[in-house]
Amino acid sequence: MAQLTEAAERRILDLLIGEGLADANLVQAVQQQPIPEGKTFLQNLVERRIINDDMVARGTAAILGVPYVELKNITIDQDILAKIPSEASSRVLAVPLGEKDGMLNVAMVDVTNVQATDYLASLVNQPIRVWMSSERGIKEALEQYHGDFSGVNEAVRETGEEAESEQKDVKTIVQDSPISKALTTILSYAAKTKASDIHIEPLEDSLIIRCRIDGVLRKIMDLPKTVAPALVSRVKILANLKIDEHRIPQDGQFTVLVDGQEIDLRIAIAPVTWGEQVVIRLLDKTGVSMEIEKMGMTGHALRDVLEGIKKPNGMILTSGPTGSGKSTTLYALIQQIKSEQINIVTLEDPVEYKMDGINQIQVNEDAGLTFGSGLRSILRQDPDVIMVGEIRDSETAGLAVQAALTGHLVFSTLHTNSAAGILPRLLDMGIEPFLLSSTLNVVIGQRLVRRITEKREMIKSTEVETKGINSIVGDLLPTTKEDVAKISEDLGYPGLPVKNDEHYMLARGVDSKETPHGYSGRTGLYETIVVDEDIQKLIISEATAGEIMRTAKAKGTVTMRQDGVLKALSGITTIEEVNRVASDLS
């Protein structure tokens, strides 16, 4: 907020009252109360929500005679943003808007700060024209800096020159050159766009950087090959890996601070044809919901799982491909039952999210701490609940079953395509069918799909889509308008349409730079199977996954593909997205 005299603040307030933007009676009531120390009268009114900072910014602009700009929903070209480094913009709360007549238009919160204005003019080496904007608008515009790779470009230029001149070895380049800033810029971009992974991949003549955002890889940069040794070595140094080892894979980890938030990074480096590939997994501990309902589990599946975790013993297993959110589901279930009255011990590789009140153990195979040996140790620690990050082999599977048989509630994950696939998989691992049938409570299958952004449009389904919808969920949809509310509530999907053979109205997100292809964030597709007497008989007879799923569906199980189509009809995702991740499912 601009530094204003009391008289200027009074003029702004009179202007807002005169235009009907502020309530004179409320303002008068606040005037009779003491102003908190360090606050101006206008700031006090903003905090009490009698006015907002946009109103104050408009009023200030009018009083000072400077133009005002509303930055909400305005996209600034990256070339313009690059004129002022993101660090400088964040420090003085100013963003460049564009150039006209040789001047750079800059939006600022405090247009009265002459020193900041002179600093920006010297920084861009051209005259600037200031515009007034609210602090909220400026901060929203600053978020657009996540695509600013000017630091990387500078590092590429300088690193390339050093590499070509051969004046320094790789280690010296890494320590002395701007490659550190380049890596920081890439990590910051990935964190701000909520990427789950960064891929640094060498080709014959170039180095490409890709990020997995909402489950889909996107190329964000194409760099010269000369940058590769320094960039890879910088990652190795941070992860305490051997920088002179290029023949074998290496794994490591380190933590970075982005916008005040800690993000754990898991590093995997492997030799490939044209150099070394680096994959960095980002584990943002603050951006993950640990509430099972917010993750997308609803209706029949949610009821099954909540009943399953109430039991004092048995096994709850979740399955799906890599990156389908299995571990996050287990964390959410642990969060549901966490209490001072029970001892919860986990065995993980790695420990992805640290939770208070939970005893978490990190697997360390080099030191001899495997899932098998760790699970044996856990059973001597008087646990009530055990979470095993993954059942990878027969030893771990056998120990997990024994733990469930001896009065423990056991959570774990497997890599199978569906919930029903868990059962034959455990039989393949050598678990006796009668043991399996008596220990399993609930099995869960899951995938992740992208969510439609809030800005959307409605379209009619095509003839092919309509037939597909009816074949998959036609028997679940309401047949009359009177049934809509009841069936939607029973199934757990708001606003389901009445079944018809012509078309359905489907939501589609609006494509933008911030929401590519109209998606933002992800949600889960789930299916659950309660192991009751009928399912137990199938397990003992070693039935196929298909036979088990057919019985479960007859008992009310909603399959993952059905869950996805129902979520598409409810406006959560799209049919295309469901087909992308669940086309192999029935």
- Query: Is R456 close to R508 at the side-chain level, that is, under 4.5 Å between some pair of heavy atoms?
  - Reply: no
- Side-chain heavy atoms of S196 within contact of L282, under 4.5 Å: no
- Note on the structure: Scanning both residues in full, the closest heavy-atom pair of D563 with G524 reads OD2-O, 3.9 Å
- Note on the structure: So OG1 of T557 and CD of Q562: to nearest 0.5 Å the spacing works out to 9.5 Å
- Query: Just by distance, do the side chain of S488 and the backbone of A485 share a donor-acceptor pair under 3.5 Å?
  - Reply: no
- May I ask you to decide if G296's main-chain N or O and K567's side chain share a donor-acceptor pair within less than 3.5 Å? yes
- Query: About how many Å separate CG of L414 and CD of E390, when rounded to the nearest 0.5 Å?
  - Reply: 7.5 Å
- Heavy-atom pair of closest approach, residues R450 and T573: O-OG1, 2.8 Å
- Query: Mind checking what makes salt bridge (Lys or Arg N to Asp or Glu O under 4.0 Å) contact with D349, not counting sequence neighbours?
  - Reply: R392
- Message: Using modelled atom types and a 3.5 Å cut-off, is there a donor and acceptor pairing between side-chain atoms of Q536 and backbone atoms of S437?
- Response: yes
- Message: I'd like to know if the side chain of T298 reaches the main chain of G492, judged simply by a donor and an acceptor atom lying under 3.5 Å from each other, with no hydrogens or angles considered.
- Response: yes
- Item | K467 bridged to E463 by N-O distance under 4.0 Å | yes
- Message: Tell me if a side-chain donor or acceptor on N313 pairs with a main-chain N or O of H408 at a distance below 3.5 Å.
- Response: no
- Give the C-alpha distance, both sets of side-chain angles, the deciding distance and a yes or no for side-chain contact (heavy atoms from CB on, under 4.5 Å) between E527 and S418. CA-CA 8 Å; E527 64 186 18; S418 64; 3.3 Å; yes
- Note on the structure: On a heavy-atom basis, the closest approach of V410 and A403 is CG2-CB, 3.9 Å
- Item | For Y331, all residues meeting ring pair (Phe, Tyr, Trp, His ring centres under 6.0 Å), sequence neighbours excluded | Y353
- Answer yes or no: is there a donor N or O on one side and an acceptor on the other, between the side chain of D214 and the main chain of G521, under 3.5 Å? yes
- Does Q446 reach the main-chain N or O of S324 with its side chain, forming a donor-acceptor pair under 3.5 Å? yes
- Query: Is K354 salt-bridged to D264, cutoff N-O under 4.0 Å?
  - Reply: yes
- Examine distances only and state if a side-chain atom of S570 and a backbone atom of I572 form a donor-acceptor pair shorter than 3.5 Å. no
- Item | Verdict with supporting geometry, N579 and R561, side-chain contact (heavy atoms from CB on, under 4.5 Å) | CA-CA 8 Å; N579 290 336; R561 194 164 192 191; 3.2 Å; yes
- Message: Rounded to the nearest 0.5 Å, what separates atom OG1 in T528 from atom CE in M297?
- Response: 7.0 Å
- Side chains of I316 and V305 in contact at under 4.5 Å (non-hydrogen atoms): no
- Do the non-hydrogen side-chain atoms of P321 and N417 ever get within less than 4.5 Å of each other? no
- Can you spot which of T544, L538, L440 makes a side chain to side chain contact (heavy atoms under 4.5 Å, CB included) with L423? L440
- Query: Is the count of non-hydrogen atoms from other residues, nucleotides or ligands lying under 6.0 Å from H415 atom NE2 greater than 12?
  - Reply: yes
- Message: Could you work out, with salt bridge (Lys or Arg N to Asp or Glu O under 4.0 Å) as the rule, every residue matching R447, not counting sequence neighbours?
- Response: D584
- CG/L375 to CG/L399 distance, rounded to the nearest 0.5 angstrom? 5.0 Å
- Task: To the nearest 0.5 angstrom, please state how far the NZ atom of K219 sits from the CD1 atom of I209.
- Result: 10.5 Å
- Message: Counting C-beta onward and ignoring hydrogens, is there a side-chain heavy-atom pair between I391 and M429 closer than 4.5 Å?
- Response: yes
- Message: Are the side chains of L448 and V581 in contact, using a 4.5 Å heavy-atom criterion?
- Response: no
- Looking only at non-hydrogen atoms, find the nearest pair between A545 and A420 and report the distance. O-CB, 3.4 Å
- Note on the structure: All heavy atoms of A141 vs all of L71, minimum pair found to be CB-CD1, 4.0 Å
- Give a yes or no answer on whether the side chain of S412 reaches the backbone of V388 with a donor-acceptor pair at less than 3.5 Å. yes
- Do side-chain atoms of N500 reach the backbone of H503 as a donor and acceptor pair under 3.5 angstrom? yes
- Task: Show your reasoning for whether side-chain contact (heavy atoms from CB on, under 4.5 Å) applies to T346 and L330.
- Result: CA-CA 10 Å; T346 75; L330 294 188; over 6 Å; no
- Message: Could you check whether E489 pairs with K486 (Lys NZ or Arg NE/NH1/NH2 to Asp/Glu carboxylate O, under 4.0 Å)?
- Response: no
- Would K139 and E135 pass as an ion pair if we require N to O under 4.0 Å? yes
- Consider only side-chain N and O atoms of T318 and Y526, and report whether a donor and an acceptor are under 3.5 Å apart. no
- Provide the closest heavy-atom pair for I342 versus V385 in the form atom of the first, atom of the second, distance. CD1-CG2, 4.0 Å
- Checking side-chain contact (heavy atoms from CB on, under 4.5 Å) for the pair T466/D501: CA distance, chi angles, key distance, verdict? CA-CA 7 Å; T466 302; D501 296 322; 5.6 Å; no
- Query: OG1 of T559 to CE of M549: how many Å apart, nearest 0.5 Å?
  - Reply: 6.5 Å
- Less than 4.5 Å apart, any side-chain heavy atom of H300 and any of R303? yes
- Message: Contact between I548 and I535 at the side-chain level, heavy atoms closer than 4.5 Å - yes or no?
- Response: yes
